[in-house]
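Data block below; observations after.
Order of the sequence lines fixes the chain letters, A, B, ..., with proteins taken first and strands second; residue numbering starts at 1 for each chain.
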Protein chains: 2
Amino acid sequence: MSRPPLSENQLKVYNFLVKSLEGGVPPSVREICQNTGLKSTSSVHAILNTLEENGYIERDPRYSRSIRIAGASATAQVPLIGRVTAGQPILAVHEIVDYIPYAAGSAEGLFALRVVGYSMRDVGIMDGDIVIADKDCVAHSGDIIIGMDGDEATVKRLIIKNGQVIFMPENPDFDPIYPENPAVLGKVVGCYRRY
Amino acid sequence: MSRPPLSENQLKVYNFLVKSLEGGVPPSVREICQNTGLKSTSSVHAILNTLEENGYIERDPRYSRSIRIAGASATAQVPLIGRVTAGQPILAVHEIVDYIPYAAGSAEGLFALRVVGYSMRDVGIMDGDIVIADKDCVAHSGDIIIGMDGDEATVKRLIIKNGQVIFMPENPDFDPIYPENPAVLGKVVGCYRRY
DNA sequence: TAAAGTATAGCACAAATGTTCGATAAAGGC
DNA sequence: GCCTTTATCGAACATTTGTGCTATACTTTA
């Protein structure tokens with residue numbers, strides 16, 4: 001993406017937009033005026049047009065305050081589930097510990113779990129990581145999934161071989177699991193770690 | 001957090017708000033009308049007041065469209081830098097390729113880079129992962145950092161031993177780097193992966 | 001220096017938006 | 001039944017907001 005560089009005032013406006021949108025509410029033209037030192041709404045208006053033409057922002061002329069940073073992906077808040085109870089629906093509201101931001105159009109069907117242990121070390125899923133999974137996504141052999149092993153949720157690679165379901169770890173120190181009643185809670189679509 | 005349950009229309013409005021805010025722009029009262037079947041702006045207005053009193057949403061009376069979902073963690077949009085040029089400031093706007101959602105109050109000083117190669121495999125940072133770094137954070141020996149090796153940005157563990165700076169990989173297949181002019185762009189604070 | 005182009009300011013206006021007021025309908029208690 | 005409470009509607013109003021117009025200051029070019 002090669003976009004023309006920004007002038008001083010264009011950059012001021014752009015930076016204020018980024019800061020404002022973090023708060024959740026896009027600013028109005030006059031708020032931009034106050035926060036950038038520009039004294040005329042038409043100045044801001046001209047700058048916004050330039051920013052839009054050059055692909056820095058996106059607007060919807062039908063609505064007011066409808067400014068978005070171009071390329072900024074829509075962010076869904078994915079619920080982090082504290083404890084997975086066998087037999088209970090995953091997305092029980094009272095088990096939601098926190099929300100994890102995730103770049104997706106909608107959080108529908110998505111949930112997050114904290115990983116315990118190093119059984120998936122070799123694909124870069126470490127102890128303490130948070131995995132994001134889609135419960136509505138059909139899992140195929142080879143996908144990384146969240147499965148139920150007894151009454152414990154576990155992250156493994158799903159292998160289906162001759163009709164036999166295997167939860168395969170990605171770490172030679174761990175043994176494959178041959179679940180008796182295999183249940184797949186969701187397909188892992190993302191992994192998230194904080195230092 | 002024990003909040004009173006929602007009536008049918010209150011839930012309709014709340015669900016539409018959640019859906020709208022994922023798109024980035026809070027809706028106006030009249031947009032809520034159209035999408036919930038409510039026929040009067042004052043009906044919506046009353047429902048919004050109730051939702052706010054009961055702690056479901058937050059509003060700023062000074063601005064229009066300033067509705068936010070209460071409790072949704074503040075999400076910063078961290079710029080993903082396409083190419084790091086030696087000597088240039090990191091956060092040059094025209095090098096921003098994308099934005100990564102990250103749970104933080106502000107994206108100030110934060111930037112994201114795509115990882116190339118497996119030199120940090122053993123700490124779970126894989127090829128294609130996106131690391132999030134803080135350029136204003138003071139890095140100590142032992143931290144994972146983004147350093148400049150010649151004119152290439154690289155993710156490594158920072159080791160300072162007897163005054164000698166070492167960029168240490170976390171993979172026995174790679175050799176430590178002893179940079180001549182060590183430069184640390186930022187301390188890695190997060191890692192993000194999509195499948 | 002003069003001309004041309006660009007950025008900004010100042011103002012005006014129509015549309016969008018939040019809010020208020022009174023009227024009507026529905027629900028519940030006596 | 002009647003009264004009270006609540007929810008919704010319809011319309012009106014003041015403010016906010018986006019946009020267009022012209023004028024002025026500044027920069028660039030010849």
Side-chain angles (χ1 to χ4, degrees), chain A residues 3-70 72, chain B residues 3-70 92-94:
Chain A
R3 301 178 292 193
L6 296 179
S7 73
E8 185 183 354
N9 276 334
Q10 288 169 348
L11 195 61
K12 266 192 204 168
V13 172
Y14 183 80
N15 285 334
F16 176 67
L17 286 178
V18 172
K19 212 174 69 179
S20 281
L21 290 174
E22 279 169 5
V25 182
S28 71
V29 174
R30 281 162 184 82
E31 285 174 63
I32 301 176
C33 279
Q34 292 175 0
N35 286 277
T36 55
L38 288 164
K39 288 170 189 165
S40 171
T41 55
S42 64
S43 310
V44 173
H45 197 249
I47 291 178
L48 288 177
N49 282 335
T50 309
L51 287 177
E52 189 174 22
E53 280 171 20
N54 293 341
Y56 283 95
I57 64 173
E58 290 169 354
R59 283 187 296 175
D60 190 327
R62 286 176 301 177
Y63 308 123
S64 73
R65 289 175 178 267
S66 64
I67 305 176
R68 284 172 304 175
I69 301 295
Chain B
R3 301 178 291 193
L6 297 179
S7 74
E8 184 183 356
N9 276 334
Q10 288 170 348
L11 194 61
K12 266 192 202 171
V13 172
Y14 184 78
N15 284 333
F16 177 68
L17 287 177
V18 172
K19 212 173 69 176
S20 281
L21 290 173
E22 280 173 356
V25 182
S28 72
V29 175
R30 281 162 184 83
E31 286 175 64
I32 300 175
C33 279
Q34 293 176 359
N35 286 275
T36 56
L38 290 164
K39 287 168 188 167
S40 171
T41 56
S42 64
S43 309
V44 173
H45 198 252
I47 292 178
L48 288 178
N49 282 335
T50 310
L51 287 177
E52 188 174 24
E53 281 172 17
N54 293 341
Y56 283 94
I57 64 172
E58 289 167 356
R59 282 188 297 175
D60 190 326
R62 285 175 301 176
Y63 309 122
S64 73
R65 290 176 178 266
S66 64
I67 305 175
R68 283 172 305 176
I69 301 294
V93 184
H94 61 279

Round to a whole Å and report the spacing from CD of Glu52(A) to P of dG18(D). 13 Å
Do Ser28(A) and Cys33(A) have side chains that approach each other closer than 4.5 Å (heavy atoms only, starting at C-beta)? no
Under 4.0 Å, counting only non-hydrogen atoms across every strand here, what does Arg59(A) touch: a base, just sugar-phosphate, or nothing? sugar-phosphate
Could you check Thr41(B) against Asn49(A) and say which one's nearest nucleotide on DNA chain D is further toward the 5' end? Thr41(B)
Contact check, side chains of Leu48(B) and Leu17(B), non-hydrogen atoms, under 4.5 Å: yes
Whole Å only: how far is the OH atom of Tyr63(A) from the C1' atom of dA15(C)? 15 Å
When the nearest nucleotide of DNA chain C is assigned to Arg30(A) and to Val29(B) on a heavy-atom basis, which residue is associated with the more 5' position? Arg30(A)
How close or far is atom C1' of dT17(C) from atom CD of Glu31(B), stated in whole angstroms? 10 Å
A side-chain contact here means heavy atoms from C-beta on lying under 4.5 Å apart; do His45(B) and Ile32(B) qualify? no
Atom CG of Leu38(B) to atom C1' of dA25(C): distance rounded to whole Å? 15 Å
Between P on dT8(D) and CD1 on Ile32(B), what's the gap in Å once rounded to a whole number? 14 Å
Using whole Å, report how far CG of Asp60(A) lies from P of dA15(C). 18 Å
Would you please confirm or rule out a distance under 4.0 Å between OP1 or OP2 of dT17(C) and any side-chain N or O of Ser28(B)? yes
What is the distance from NZ of Lys39(B) to C1' of dA7(D), rounded to the nearest Å? 14 Å
Closest-nucleotide 5' rank along DNA chain D - winner of Ser64(B) and Ser42(A): Ser64(B)
Show the nearest heavy-atom pair for residues Leu21(A) and Arg68(A), with the distance to one decimal. CD1-CA, 4.1 Å
If I take atom NE2 in residue His45(B) and atom C1' in nucleotide dT6(D), what distance separates them, rounded to the nearest angstrom? 18 Å
Salt bridge (charged side-chain N to carboxylate O under 4.0 Å, His left out) for Glu31(B) and Arg62(A)? Distances and angles first, verdict last. CA-CA 11 Å; Glu31(B) 286 175 64; Arg62(A) 286 176 301 177; over 6 Å; no
Nearest-nucleotide pick for Ile47(A), side chain only, options being dT8(C), dG18(D), dT8(D): dT8(C)
Identify, between Arg65(B) and Ser40(B), the residue whose nearest nucleotide on DNA chain C lies closer to the 5' end. Arg65(B)
